[in-house]
There are 2 protein chains.
Amino acid sequence: MLSKKTKYGLKALTFIARRIDNKPVPIATIAKNENISQKFLESILLTLRKSGFLGSKKGKGGGYYLLKDPKEINMSSVMRILEGPIAMVSCVSLNFYEKCDDCPDENTCSVYKLMKEIRDGNLKIYNNKSLSDLF
Amino acid sequence: MLSKKTKYGLKALTFIARRIDNKPVPIATIAKNENISQKFLESILLTLRKSGFLGSKKGKGGGYYLLKDPKEINMSSVMRILEGPIAMVSCVSLNFYEKCDDCPDENTCSVYKLMKEIRDGNLKIYNNKSLSDLF
DNA sequence: ATAATAATCTATCATTCCGATAGGATAAAT
DNA sequence: ATTTATCCTATCGGAATGATAGATTATTAT
């Protein structure tokens, strides 16, 4: 299941990206329009800023804005920041690899093979998608 | 992330399915071989039995056995029993549909479209896979 | 009959994570 | 100086997860 963090994060990103002039959008505006708890959204936008997707401006007329063209914002990277690993088990994860403690050999693991296939499928979708495709 | 319940369940199912004669396999045997907490595995196998995948036999020589040919056990159904919805958001789920409380319109929701695509991809894989493919 | 085997059932538990909230600090514009 | 809005830290309740314990029932073998 997708976390609300990711869901809200994606909604916020599209909301910001829809603004053609790319003028800063205040958190409150996004929260109201997308029915998101403002405080929760704060922390989400903060991580999106710290990961280099968003810029911010304080004070009146401030808010969050995109640092790149929506076409240049890849969905894989966004998902990894918001949701974490794209793979469903860490032993098949490319960016968050971790060995399973219970599994002695990945090559003979039935779950491994299946989940690798799932990961490849999802990765193909995310890799070929940018923020502009979400409009 | 895949729950351990699902992971263990899949491993147990393949373990049972590998037994050509289809004689009952005791929980303890599976637990030892696959490094799974026996008590936890008990509850998992119980749900797999109650959902019609496994049969059981008590007493000596007892254990769990498959009720169908591994080729006839579809991965979508197994995943739905063990992990729940295949979709990452309930509003795009076929078998566990639920409307999002925050989203006014699914047709204009950016997350909805993306997650539908993901669901379709995963479903295609699971639908075209049976337990026999996990060997 | 008795003992051993193995599933079944119920109940509980610790930990972790998630989503949300609170309150103040900082920075910029008017 | 005041307002606006981000930034930061801390905390919290509730749910879910994974695991454990103990007792019960059914079956087989001796």
Side-chain angles (χ1 to χ4, degrees), chain A residues 1-12 16 23-51 53-67 82-85 88-90 96 98 100-103, chain B residues 1-12 16 23-51 53-67 82-85 88-90 96 98 100-103:
Chain A
M1 285 283 119
L2 201 73
S3 67
K4 291 207 171 184
K5 181 181 175 188
T6 304
K7 190 184 175 189
Y8 294 163
L10 290 176
K11 283 191 170 194
I16 296 172
K23 273 202 294 191
V25 189
I27 300 176
T29 309
I30 308 173
K32 266 175 219 145
N33 276 278
E34 299 289 345
N35 300 308
I36 304 172
S37 143
Q38 173 158 348
K39 275 293 184 182
F40 189 28
L41 186 56
E42 275 187 26
S43 67
I44 298 170
L45 294 182
L46 215 50
T47 65
L48 283 172
R49 195 214 61 183
K50 285 178 180 168
S51 356
F53 294 107
L54 296 175
S56 66
K57 213 183 152 217
K58 286 183 180 179
K60 188 164 189 182
Y64 284 96
Y65 53 91
L66 287 181
L67 286 177
L82 290 172
E83 188 73 4
M88 293 186 77
V89 274
S90 46
F96 299 82
E98 246 179 80
C100 295
D101 41 351
D102 58 304
C103 193
Chain B
M1 284 280 121
L2 202 71
S3 68
K4 291 206 170 184
K5 180 181 175 188
T6 304
K7 190 183 174 189
Y8 293 163
L10 289 177
K11 282 191 170 193
I16 296 172
K23 273 203 293 191
V25 190
I27 300 175
T29 309
I30 307 173
K32 265 176 220 146
N33 276 278
E34 299 288 346
N35 300 308
I36 305 172
S37 144
Q38 173 158 348
K39 277 291 184 184
F40 188 29
L41 185 57
E42 277 186 23
S43 66
I44 298 170
L45 294 181
L46 216 49
T47 64
L48 283 172
R49 198 215 59 185
K50 286 178 180 166
S51 355
F53 293 108
L54 296 175
S56 66
K57 214 182 150 216
K58 286 184 180 180
K60 188 162 190 182
Y64 284 95
Y65 53 91
L66 287 181
L67 286 178
L82 290 172
E83 188 74 4
M88 291 186 80
V89 273
S90 45
F96 300 82
E98 246 180 80
C100 293
D101 42 350
D102 58 304
C103 194

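Values below: all heavy atoms of this structure, side chains included; hydrogens, waters and symmetry mates excluded. In what follows, every chain begins at residue 1, and chains take the letters A, B, ... in the order their sequences are listed.
Across all strands, Lys50(A) comes closer than 4.0 Å only to sugar-phosphate atoms, never to a base (heavy-atom distances).
For the residue pair Thr6(B) and Glu83(B), a side-chain donor N or O sits within less than 3.5 Å of a side-chain acceptor on the partner.
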_Only Watson-Crick and G-U wobble pairs with both distances less than 3.5 Å should count. Give DNA chain C in dot-bracket notation, marking inter-strand partners with |._
||||||||||||||||||||||||||||||
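One atom, NZ of Lys7(B), and another, C1' of dG18(D), lie 13 Å apart when rounded to the nearest Å. With rounding to whole Å, Tyr8(B) atom OH is found 14 Å from dT17(D) atom P.
Using a 4.0 Å cutoff on non-hydrogen atoms, the parts of residues 23-48 of chain A near DNA chain C are Ser37(A), Lys39(A), Phe40(A), ordered by number.
Put simply, CZ on Arg49(B) and OG on Ser51(B) are 9.5 Å apart, with the number rounded to the nearest 0.5 Å. We find the CE-NZ distance between Met1(A) and Lys7(A) to be 10.5 Å, quoted to the nearest 0.5 Å.
No side-chain heavy atom of Ser37(A) sits less than 4.5 Å from a side-chain heavy atom of Lys4(A). A heavy-atom distance below 4.5 Å is not found between the side chains of Leu54(A) and Leu67(A). Cys103(A) is listed as a side-chain neighbour of Lys11(B), based on a closest heavy-atom distance under 4.5 Å.
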List, one per line, each side-chain donor-acceptor pair under 3.5 Å for residues 55-65 of chain B, sequence neighbours excluded.
none

Atom pairs and distances, side-chain donor-acceptor, residues 26-36 of chain B, under 3.5 Å, sequence neighbours left out:
| unit_1 | atom_1 | unit_2 | atom_2 | d |
| --- | --- | --- | --- | --- |
| Asn33(B) | ND2 | Thr29(B) | O | 2.9 |
| Asn35(B) | ND2 | Asp102(A) | O | 2.8 |

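Of the two residues near DNA chain C, Lys5(A) and Ser56(B), the one whose nearest nucleotide lies more 5' is Ser56(B).
Mapping heavy-atom proximity under 4.0 Å, the span of DNA chain C touched by chain A runs 5' to 3' from dG19(C) to dA29(C).
When all heavy atoms of Leu82(A) and Leu10(A) are compared, the pair lying nearest together is CD1-N, 4.1 Å. The minimum heavy-atom distance linking Ile44(B) with Gly9(B) is given by the pair CG2-CA, 3.8 Å.
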Protein and nucleotides 28-30 of chain D: nitrogen or oxygen contacts under 3.5 angstrom:
| unit_1 | atom_1 | unit_2 | atom_2 | d |
| --- | --- | --- | --- | --- |
| dT28(D) | OP1 | Lys57(B) | NZ | 3.4 |

